[in-house]
Structures are given as structure tokens and as C-alpha cells.
**Student:** 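Sharing a structure, written as C-alpha cells. Questions coming.
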Amino acid sequence: NVLEELLLTADITVISIDTHRQKLKTLVHRRNNIAHGHDEKIVELEYYRTFENCVYDVLYELAYKIDARLKLAPYT
């Protein structure tokens with residue numbers, strides 16, 4: 001996917017992407033459906049929270065990995 005290609009170019013590995021791959025694919029699919037006018041309601045809070053937690057896991061790891069990478073050459 002595009003994110004992984006960009007991370008590869010930046011020499012950054014985010015393991016949580018693999019851990020949450022299916023949830024991320026589902027989230028992107030649901031987002032695309034919403035963008036195309038399909039009704040994609042989430043009626044259970046716990047179901048929603050599984051996606052929220054997945055996204056936070058990836059974003060936090062991504063932030064730490066970017067920070068760590070920027071402390072290495074050629075950025076130092």
C-alpha cells in the first residue's frame with residue numbers, strides 16, 4: 001500500500017501495520033464506501049473502539065519511528 005511504500009523509502013518499519021492490517025483494510029474500505037454515498041453506520045461502541053485503538057497503535061508507533069529516524073543520518 002502507499003503508506004508502506006513511503007515508509008520503505010524513508011527506511012522506517014512500523015510493525016503495527018502488519019499487526020492491524022485487516023482492521024486497516026476494513027477501515028479504508030468503509031471510508032471509501034462513505035465517500036461514495038453508502039450507508040456505513042457503526043452502531044456498537046465496542047466495534048468502533050477496535051478501529052480507534054488500531055489507528056492509535058499505528059499512529060503512535062509511526063510517530064516514534066519517525067522521531068527516531070530523524071535523529072539518524074542524514075538528518076542529524
**Student:** Are Leu72 and Leu70 co-members of a hydrophobic cluster defined by side-chain heavy atoms under 4.5 Å apart?
**Tutor:** no
**Student:** How many angstroms lie between OG1 in Thr50 and OH in Tyr48, if you round to the nearest 0.5 Å?
**Tutor:** 10.5 Å
**Student:** Could you give the distance from CG (Leu62) to CG (Leu7), rounded to the nearest 0.5 Å?
**Tutor:** 6.0 Å
**Student:** Hey, what do you get for OH (Tyr64) to CD1 (Ile12), rounding to the nearest 0.5 Å?
**Tutor:** 15.0 Å
**Student:** Any salt bridge between Lys23 and Glu52, counting N to O under 4.0 Å?
**Tutor:** no
**Student:** Quick check for you: to the nearest 0.5 Å, what is the distance between Asp11 atom CG and Thr9 atom OG1?
**Tutor:** 10.0 Å
**Student:** Identify the residue among Asp57, Leu59, Val58 that makes a side-chain contact (heavy atoms from CB on, under 4.5 Å) with Val55.
**Tutor:** Leu59
**Student:** Would you indicate whether the side-chain heavy atoms of Leu24 and Phe51 approach each other to under 4.5 Å?
**Tutor:** no
**Student:** Would a distance-only check, ignoring hydrogens and angles, find a side-chain to backbone donor-acceptor pair under 3.5 Å from Arg30 to Lys41?
**Tutor:** yes
**Student:** Side-chain donor-acceptor pair under 3.5 Å between Asn33 and His29, yes or no?
**Tutor:** yes
**Student:** Are Ile17 and Val28 in one and the same hydrophobic cluster, where Ile, Leu, Val, Met, Phe, Trp and Tyr link if side-chain heavy atoms are under 4.5 Å apart?
**Tutor:** no
**Student:** Pair Asp67, Lys65 - check salt bridge (charged side-chain N to carboxylate O under 4.0 Å, His left out), show working.
**Tutor:** CA-CA 5 Å; Asp67 182 60; Lys65 293 291 180 93; over 6 Å; no
**Student:** Counting heavy atoms not belonging to Arg49, are there more than 12 under 6.0 Å from its CZ?
**Tutor:** no
**Student:** Hey, what's the ring geometry for Tyr56 with Tyr60, parallel, tilted or perpendicular (30° and 60° as the breaks)?
**Tutor:** parallel
**Student:** Just how far is it from atom CD1 of Ile66 to atom NZ of Lys71, taken to the nearest 0.5 Å?
**Tutor:** 12.5 Å
**Student:** Got a donor-acceptor contact below 3.5 angstrom from the Glu61 side chain to the Ile15 backbone?
**Tutor:** yes
**Student:** Grouping I, L, V, M, F, W and Y whenever their side-chain heavy atoms are under 4.5 Å apart, do Val14 and Leu3 come out in a common cluster?
**Tutor:** yes
**Student:** Any heavy-atom pair between the side chains of Asp18 and Glu4 that's under 4.5 Å?
**Tutor:** yes
